[in-house]
Amino acid sequence: MTDNERSDQQVQEKQQTLEEVVANRRQKLEELRQAGINPYPYRFDKTHAVDEVLAAFDKLAADGTVVRMAGRMMLKRKMGKASFADIHDQTGKIQIYVKQDNVGADVYQMFSKLDLGDFLGVAGTLFVTKTGEKSVHVNELVLLAKSLHPLPDKHAGLVDKEMRYRRRYVDLIVNPEVRETFIRRSRIIQSIREFFNSRGFLEVETPILQPIYGGATARPFKTHHNTLHTDLYLRIADELYLKRLLVGGFEKVWEFCKDFRNEGMDRLHNPEFSMVELYWAYADYTDIMRLVEDMFRKVVFDLHGAYKIRYEDHEIDFEPDFRRVSMVDAVREKAGFDLIDMDYATARKAAKAAGVDVDKAINWGKVVEACFEHFVEPTLIQPTYITDFPQEISPLAKVHRNHPRLVERFELFIAGLECANAFSELNDPDDQRRRFEAQAEAAKAGDEEAHVIDEDYLTALMYGMPPTGGLGFGVDRLVMLLTGSHSIRDVIFFPQMKPEREE
RNA sequence: GGGGGUGUAGCUCAGUGGUAGAGCAUCUGCCUUUUAAGCAGGUGGUCGAAGGUUCGAUCCCUUCCACCCUCACCA
């Protein structure tokens, strides 16, 4: 080799930056095409998934069955004229053994140049190596898709959280536990659907684009319809539409809904998130409590085959009846004072003396809520229904049958997380109008999240809505609980991120 | 919005007031039962961005950007 040739070779060997690695893979792509190989063929006849092969390995190996498998090459160990490689499919990974004698020199030459990340299809028989690894003895090998972008470190994987969220597809390739979390998410959703459908609830769909938002207290995302020349809002809740369906004569409806709230983001909040809402005519909030308990037990058991789970250092048991305690009683237990008969000023004084921050508690209900959050909420580890909320903080719930200051409402807490919210729904149109008007006052006083008056909804109530129990729960939080995830971002495939800046 | 942390090669990470290192990936060679294959050799960086201090900054200071944690806010 002359000096000139040597330096040419060194120039050609330069491929350090990402751009150059990609360029090198493109070069291989071109070489494949020159050799008459389509690097992106159309299909592959696959007979077995990895888990199927591993489950029936002994029999398939003994029979000499030819299996046809496909997946992404994640590791490659080349030893001259024979190689091992690990192929991953959705169900797992398996080792393949590619020997020049078996596949032929041309195919082996091609295989030698394939990169980690390429998709392969192989056909072959099964055998166990000297070291005991279940493997595929490949007789036929085809490239199914060329990968141009290198994968993260084969051992350390991808750790950087920003990259994992922004490029979830890479996260999924290299971090198998992420895939497992999302498979569980899917199972949970299936289990919920089975439960409600089996109880005779009709799964329905209601608008995401709404002219007036409502059903929750939150700031909305606003958009514009060009042809109608009108502003629209992405829904913050489905409640008011589902209840219109009860006016219309449906008795048991529910919906899996994506809701959107234009608020802060943290480990429990993503601007777009999944809820289930459900409405049940002729039922009240005690019926809903029984329903929720049954649903949680089914979902937990379907997923874990047991009623006990672990979450963040707690063992949580779904088998016993969920505890029920009213909000003021819960505060009395922990704080030692009883708010139920105090007026606003007295309650506020008592709360302040106990160290509760009541600066923003503008009425009795808000004081009760502040005391509850201060003293009680963090202590609610086992599934607990907190019932009978103050009226001021519950504009869509019916007044309590035994107490005028309270409404028939509960929230379910598990592991300190708020996991469900339900009422005996307010169906008195005049009372509903008064509650909306109180919200409008609050909005005027600067509450950006107060309810807007929805005249059409009030009209619907005037036609008459049966007594109804209603429920809402956050699907993402339930998935967090059941998958041991600390952040909502770990149970949403593509959580909201700030757009990357163009450099 | 407050506080704390992180940002160095494609990935995972060391490191230093005198313009940088490892492992993996990648490239070349050898190797027909390896498995984080091995062995030998090679390439690779505007040390997040912009200012400042300094003879000299990746390191010290300021500001900014992104992400993480946490508190606050928030059905």
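In what follows, every chain begins at residue 1, and chains take the letters A, B, ... in the order their sequences are listed.
As rounded to whole Å, 15 Å separates atom P of B:C71 from atom CG of A:Asp357. Taking atom CG of A:Asp160 as the reference point, atom P of B:G5 lies 19 Å away to the nearest angstrom. The NE2-C1' distance, from A:His451 to B:C74, rounds to 15 Å in whole Å. In this structure, the CG atom of A:Leu151 is 18 Å from the P atom of B:A9, given to the nearest Å. If you take CD of A:Gln496 and P of B:C67, they are 11 Å apart, rounded to a whole angstrom. In this structure, CG of A:Asp171 is placed 14 Å from P of B:C11, rounded to the nearest angstrom. Protein atom CD of A:Glu20 is 16 Å distant from nucleotide atom P of B:A9, rounded to whole Å. To the nearest angstrom, P of B:A25 lies 14 Å from NZ of A:Lys78.
The side chain of A:Asn24 lies closest to B:C27, out of B:U33, B:C27, B:U12. The side chain of A:Asp115 lies closest to B:C27, out of B:U12, B:C11, B:C27. Closest to the side chain of A:Glu162, out of B:A66, B:C73, B:G10, is B:A66. Each of B:U26, B:C67, B:C13 was ranked by its minimum atom distance to the side chain of A:Leu116; first place goes to B:U26. In this structure, the nucleotide among B:A66, B:C73, B:U70 sitting nearest to the side chain of A:His486 is B:U70. When distances are taken from the side chain of A:Tyr97 to each of B:C74, B:C31, B:U33, the shortest belongs to B:U33. The side chain of A:Lys130 lies closest to B:U33 when the candidates are B:C11, B:U26, B:U33.
The base of B:U32 lies close enough to the side chain of A:Asp101 for a donor and an acceptor atom to sit less than 3.5 Å apart.
The residue A:Arg261 sits close only to the backbone: its heavy atoms come under 4.0 Å of sugar-phosphate atoms, none of a base. Using a 4.0 Å heavy-atom distance criterion, A:Gly157 is classed as a sugar-phosphate-only contact. Among the protein residues, A:Gln95 comes within range of the nucleic acid bases, having at least one heavy atom under 4.0 Å from a base atom. A:Leu75 comes within contact range of the sugar-phosphate backbone alone, with a heavy-atom separation under 4.0 Å but no base atom that close. Residue-level contact check: A:Arg477 touches neither bases nor backbone, having no heavy atom under 4.0 Å from any strand. Nucleic acid contact class of A:Tyr108 (heavy atoms, under 4.0 Å, all strands): none. Backbone-only contact: A:Lys28 has heavy atoms under 4.0 Å from sugar-phosphate atoms and none from a base.
Rounded to the nearest Å, the gap between the C1' atom of B:A36 and that of B:G2 is 44 Å. Taking atom P on both B:C61 and B:G4, the two are 13 Å apart, rounded to the nearest angstrom. For B:C24 and B:A37, the P atoms lie 10 Å apart once the distance is rounded to whole Å. A gap of 26 Å separates the P atoms of B:U32 and B:G23, to the nearest Å. For B:C71 and B:C39, the P atoms lie 48 Å apart once the distance is rounded to whole Å. As rounded to the nearest Å, B:G38 and B:U33 have P atoms that lie 16 Å from one another. For the C1' atom pair drawn from B:C47 and B:C13, the interatomic distance equals 13 Å after rounding to whole Å. Nucleotides B:U19 and B:C55 are separated by 14 Å at their C1' atoms, to the nearest Å.
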Watson-Crick or G-U pairs under 3.5 Å in RNA chain B, rendered as dot-bracket with [ ] for crossing pairs and | for another strand: (((((((..((((....[..)))).(((((.......))))).....(((((..]....))))))))))))....
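For A:Arg324, the salt bridge (Lys or Arg N to Asp or Glu O under 4.0 Å) test picks out no residue, with sequence neighbours left out. Partners of A:Glu392 under the side-chain contact (heavy atoms from CB on, under 4.5 Å) rule, at least two apart in sequence or in another chain, are A:Asn363, A:Trp364, A:Pro390. With sequence neighbours excluded, the residues that form a side-chain contact (heavy atoms from CB on, under 4.5 Å) with A:Lys222 are A:Asp231, A:Tyr233. Annotation: salt bridge (Lys or Arg N to Asp or Glu O under 4.0 Å) contacts of A:Arg26 (sequence neighbours excluded): none. Remark: A:Thr91 engages A:Asp51, A:Asp89 in a side chain to side chain donor-acceptor pair (under 3.5 Å) (not counting sequence neighbours). Every residue two or more places apart in sequence or in another chain was checked for a side chain to side chain donor-acceptor pair (under 3.5 Å) with A:Gln100, and none qualifies.
Within 6.0 Å of CD in A:Gln90 there are 12 or fewer heavy atoms belonging to other residues, nucleotides or ligands. Annotation: A:Lys28, atom NZ; neighbour count of heavy atoms from other residues, nucleotides and ligands within 6.0 Å is above 12. Enclosure of atom NZ in A:Lys352 is not indicated, since only 12 or fewer non-hydrogen atoms of other residues, nucleotides or ligands lie within 6.0 angstrom.
Position along RNA chain B of the nearest nucleotide to A:Lys161 versus A:His149 favours A:His149 as the more 5'-ward residue. Comparing A:Lys76 and A:Tyr165 along RNA chain B, the residue whose closest nucleotide (by nearest heavy atom) sits nearer the 5' end is A:Lys76.
The stretch residues 140-171 of chain A participates, sequence neighbours left out, in no ring pair (Phe, Tyr, Trp, His ring centres under 6.0 Å) pair at all. The salt bridge (charged side-chain N to carboxylate O under 4.0 Å, His left out) contacts involving residues 474-487 of chain A comprise A:Arg185-A:Asp476, where partners must be two or more places apart or lie in separate chains. Pairs of residues two or more places apart, or lying in two chains, that qualify as salt bridge (charged side-chain N to carboxylate O under 4.0 Å, His left out) and include a residue from residues 143-153 of chain A are A:Asp115-A:Lys146, A:Asp118-A:Lys146.
For B:C73, neither phosphate oxygen OP1 nor OP2 lies less than 4.0 angstrom from any side-chain nitrogen or oxygen of A:Arg219. Not one side-chain nitrogen or oxygen of A:Arg77 sits closer than 4.0 Å to the OP1 or OP2 atom of B:U34.
Of the charged side-chain nitrogens involved, at least one lies within less than 4.0 Å of a carboxylate oxygen, so that A:Glu31 and A:Lys113 count as a salt-bridged pair.
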Between the protein and nucleotides 22-24 of chain B, which nitrogen or oxygen pairs are less than 3.5 angstrom apart?
from, atom 1, to, atom 2, distance (Å)
B:G23, N2, A:Asp153, OD2, 2.7
B:C24, O3', A:Lys154, NZ, 3.4
B:C24, O2, A:Asp153, OD2, 3.1

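In this structure a side-chain-to-backbone donor-acceptor pair under 3.5 Å is present from A:Ser424 to A:Tyr285.
Under the 4.5 Å side-chain criterion, counting only non-hydrogen atoms from C-beta, A:Asp238 is not in contact with A:Met275.
Within residues 391-400 of chain A, no residue has a heavy atom under 4.0 Å from RNA chain B.
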